[in-house]
Amino acid sequence: MTAPAAGAVPRHDPYAALRIPNFRWFIASVLAMTVATQMQAVVVGWQIYDVTHDPLSLGLVGLAEALPFITIALFAGHVADLRDRRRIALAALIVMLGCSAALLAFTLRSGIIADGRVWPIYAVIFVSGIARSFLQPARQALGAELVPRALYPNAVAWRSSTWQLAAVFGPALGGLLYGFSSIRTAYGADVALMAVGLAALARVRHASTPVPAETGAVFERLSAGVRFVRAHAVLLGALTLDLFSVLFGGATALLPIFAADILRVGPQGLGVLRAAPSAGAVVMSLLLAHRPPVGRAGRALLTNVGLFGLSIVGFGLSRNFALSVLLLAIGGAVDMVSVVIRSTMVQVMTPEPLLGRVSSVNQIFIGSSNEIGAFESGVAARLIGTVPAVVAGGAVTLAVVALTAWRVPSLRRLGEIK
């Protein structure tokens, strides 16, 4: 092979991270587990709404998962910095596999979920939230350990695209299995895929480098990630932007109502609606993986979050199923740009000994925006109606973008992340 000329720019290799065997097994685990959890979300959402016919009950699903997740997240991030991250992730996946098995068991015994009584499902989701609080920081930090620092943006793009690809097939598969077969078949597939995700992660051959024990009070060690984020205005601005935009602009929790009462497309249509944002995100993430890192990262972040807000407003006003799917796909595509930029910022800007705790802070922001956002959507839909709640949420997202661009000029001026 001919050596590159002196001063030549190295050619961008879009598959660089995937050439690492441990990272491939890691990606396979993310794929299987995410398909399982996305299937589960569709089936649980339709099952609860079918039993209760109450939009608030859908919001309570998010609250049941968010409360333990947010409460334990800082401690879980601290544990991820002190213990072997692979083992923590494996233990969390075992618990989540047990939760999937419990949901299947409920359907095998008639009478457990009936007559508006859905608290057993909330209990399982609560336990799953505890497991997820340990899984997320440990797995995110583990993913960063498996590749060289120069490959962080490429690895983030592939991990995000894998997650989104799973989020396309998971909801669609869950809706199809529920609609054309049975709820037991859907939950059975959930259990099987969760087991595959656990087995794939077990194939990762990697042990985290021990971190020297820190001195100081326990609270100071736990809150080190919070202090680090607060000290970096660009990172804090990016996380805050994501928090409030998705907190008010998320319509996912209300999709069962759109499928059942507004668009009237049934559980099969619900699966398509849930898959649409991730379908758009997959296309965008593949484009990002095949391109060099984003140049004007701050401007791109603000622009794409603004486009996300507009897509949510359009979805709330749409009465056409195909147009609704398209708008959700556009929202997922532009949201993927912000996901890759924000995740790359966390990994590149954070020292390795703090990566677990800063990742847990990031997950608190994400968990707050998604699960608490689901509860907010349910409450808003109960108070002012489903459509006004979605449209107002998209409008608030646009206001958040404008406020962030004004208050955090360093984020607006952020260039390439490296």
Side-chain angles (χ1 to χ4, degrees), residues 29-30 32-41 43-45 47-48 57-106 112-113 118-143 163 170 187 190-191 193-195 197-198 201-202 208 218-219 221-223 225-226 243 247 253 355-375 378:
S29 174
V30 172
M33 190 218 98
T34 306
V35 171
T37 55
Q38 293 294 312
M39 285 179 56
Q40 183 185 112
V43 178
V44 166
Q47 183 182 22
I48 285 182
S57 66
L58 296 173
L60 290 175
V61 175
L63 187 63
E65 187 170 11
L67 286 180
F69 177 78
I70 295 173
T71 302
I72 302 174
L74 288 179
F75 174 73
H78 183 51
V79 172
D81 282 335
L82 295 179
R83 300 288 183 264
D84 188 293
R85 289 157 177 171
R86 173 180 170 274
R87 291 185 178 181
I88 295 171
L90 286 171
L93 280 177
I94 290 173
V95 174
M96 294 179 70
L97 174 60
C99 291
S100 297
L103 292 173
L104 174 61
F106 292 161
I112 294 181
I113 307 299
V118 293
W119 68 262
I121 296 180
Y122 291 138
V124 171
I125 298 301
F126 185 89
V127 175
S128 179
I130 296 175
R132 194 167 68 90
S133 69
F134 284 92
L135 173 66
Q136 299 288 39
R139 189 172 65 179
Q140 183 165 337
L142 175 62
W163 193 96
Y187 277 136
D190 170 29
V191 172
L193 285 166
M194 192 68 73
L198 176 62
L201 187 62
S208 301
V218 174
F219 179 77
R221 298 198 302 270
L222 292 178
S223 60
V226 177
L243 168 66
L247 178 66
L355 192 53
R357 278 165 286 184
V358 174
S359 295
S360 71
V361 175
N362 182 36
Q363 294 304 322
I364 289 175
F365 277 76
I366 295 174
S368 299
S369 60
N370 288 327
E371 277 71 39
I372 298 298
F375 178 67

Provide the closest heavy-atom pair for [X] versus [Y] in the form atom of the first, atom of the second, distance.
| X | Y | value |
| --- | --- | --- |
| Gln38 | Gly170 | CB-CA, 4.0 Å |
| Gly197 | Ala32 | N-CB, 3.6 Å |
| Pro68 | Phe126 | CG-O, 3.3 Å |
| Val124 | Cys99 | CG1-O, 3.5 Å |

Item to complete: State which residue, out of Ile125, Leu60, Val61, Val43, fulfils the side-chain contact (heavy atoms from CB on, under 4.5 Å) condition with Ile48.
Response: Val61
Measuring from [X]:[atom1] to [Y]:[atom2], what's the distance to the nearest 0.5 Å?
| X | Y | atom1 | atom2 | value |
| --- | --- | --- | --- | --- |
| Arg86 | Leu142 | CZ | CG | 8.5 Å |
| Leu198 | Leu193 | CG | CG | 12.5 Å |
| Leu90 | Asp84 | CG | CG | 8.5 Å |
| Leu135 | Gln140 | CG | CD | 10.5 Å |

Discussion item. Enumerate the side chain to side chain donor-acceptor pair (under 3.5 Å) contacts for residues 89-99, please, sequence neighbours excluded, ordered by first and then second residue.
Written reply: none
Taking only residues two or more places apart in sequence, or in another chain, which ones meet [X] in a side-chain contact (heavy atoms from CB on, under 4.5 Å)?
| X | answer |
| --- | --- |
| Val30 | Phe26, Thr34, Arg139, Thr162, Trp163 |
| Leu104 | Thr107, Leu108, Tyr187, Val191 |
| Ala41 | Arg274 |

Worksheet item: Are any side-chain N or O atoms of Arg132 and backbone N or O atoms of Ala92, one a donor and one an acceptor, separated by less than 3.5 Å?
Response: no
Practice prompt. Please identify each residue that fulfils side chain to side chain donor-acceptor pair (under 3.5 Å) with Ser100, with sequence neighbours left out.
Written response: Gln40, Asp190
Below 4.5 Å, heavy atoms only, C-beta onward: do [X] and [Y] meet side chain to side chain?
| X | Y | value |
| --- | --- | --- |
| Tyr122 | Ser57 | yes |
| Ser29 | Leu93 | yes |
| Ile130 | Val95 | no |
| Leu201 | Met33 | no |

